[in-house]
Amino acid sequence: MYKTKAKGESVETTKTQLMDFLDKCEEVKSCKFIMATTKIKDLLKSIVNSAELYELFQTVATNFDYNEAKRKCFIEGQGAYGESRVALPDTMGERLAFIFCLLVEFDRNAINFNAFLQKYYPKDGSYYASYHLFCDEVIGSMQAIVCEVFAQELAEEVPALAAPESQPLIAAPSAASTAAAQPVASAPNPDAAACLNTVLMLIESEKEGIAGSKLGAEEKEAAVSMLNSIAEAVRDGNAPFIKSLTCGYNYFVMYTVFVSDSLSLLFEAIGEYLDTL
């Protein structure tokens, strides 16, 4: 599998983020059923908080038709005793995209998790048994794929998990370090310099808006971390990474339903800066 490292990236930071994601997967699998949706929310946050992981999921979700996948994967039971079930996609990329979209629907309650388990993972007539069957199949499969994609970063850290045989994934570029954003005075050309300074000043404005918002402490920390990473990528002139991080921050905005006064100006300035590279 092909992966590129962003300039200035910390291997230890990457490994820490990946291990945090895998830990969150284990928490989903081992928690009491009553805590399931809370743990799923924490798992999704761990993806948003890692630029590498978010870009991986963004990559596989590009052009993925989730509604069509649901029609194929949600198998309706036939006959009086037929049981409905979920058939995960065969390829690694489609499977990862499907699982991610499914978890987001649970988090937003677009699909009622309890009803979903009763219908598609019926076992012994109990939520407990159904939930653990779901975790073994769905969460376990996601863990296995991520471990395979980031096998080099996770070497000697976690035991190998059996991933499905399928087409290889193209993993996302790695995240830059989250150094505090400070405006700089120069760039490779005058137009880029002006756009760069505008972006960095708007990032600082966005961070001020986040600080004064009603978001929770963890959400504020995640937002500032992503904005700092965008600033670092902008300084480096790393266009692919700027685009992926901006997509990640856009997802954060949709996830938290927080839109600052400076957001549209920031995204517009980023687009203008990318045009100069």
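Just so it is clear, the values below take in all heavy atoms, side chains as well, and ignore hydrogens, waters and symmetry mates. All of these numbers come straight from a predicted model, not from anything done at the bench.
Relative orientation of the Phe100 and Tyr54 rings is perpendicular, given thresholds of 30° and 60° on the angle between their planes. Below 30°, between 30° and 60°, or above 60°: for Phe116 and Phe113 the angle between ring planes is below 30°, a parallel geometry.
Between Ile230 and Ile270 the shortest side-chain heavy-atom distance falls below 4.5 Å. Using a 4.5 Å heavy-atom threshold, the side chains of Met142 and Leu103 count as touching.
Checked against Phe134 for a ring pair (Phe, Tyr, Trp, His ring centres under 6.0 Å), the options Tyr128, Tyr127, Tyr121 give a single hit: Tyr121.
To the nearest 0.5 Å, atoms OH (Tyr120) and CZ (Arg85) are separated by 11.5 Å. Rounded to the nearest 0.5 angstrom, Lys207 NZ and Ser260 OG are separated by 13.5 Å. One finds the CG atom of Leu245 at 12.5 Å from the CG atom of Asn250 (value rounded to the nearest 0.5 Å). Remark: Glu208 CD to Ile203 CD1 distance equals 12.5 Å, nearest 0.5 Å.
Ion pairing between Lys15 and Glu153 fails under the 4.0 Å rule for side-chain N and carboxylate O.
Between Thr256 and Glu219, the side chains place no donor N or O within less than 3.5 Å of an acceptor N or O (distance only, hydrogens not considered). No hydrogens or angles considered: nothing links the side chains of Glu268 and Tyr273 as a donor-acceptor pair under 3.5 Å. Donor-acceptor pairing under 3.5 Å is recorded for the side chains of Glu105 and Tyr66.
For the pair Lys220 (side chain) and Ser213 (backbone), a donor-acceptor distance under 3.5 Å is present.
Atom CD of Glu221 is surrounded by 12 or fewer heavy atoms from other residues, nucleotides or ligands within 6.0 Å. Other residues, nucleotides and ligands place more than 12 heavy atoms under 6.0 Å from the NZ atom of Lys70.
Closest heavy-atom contact between Tyr131 and Lys29: OH-N, 4.4 Å.
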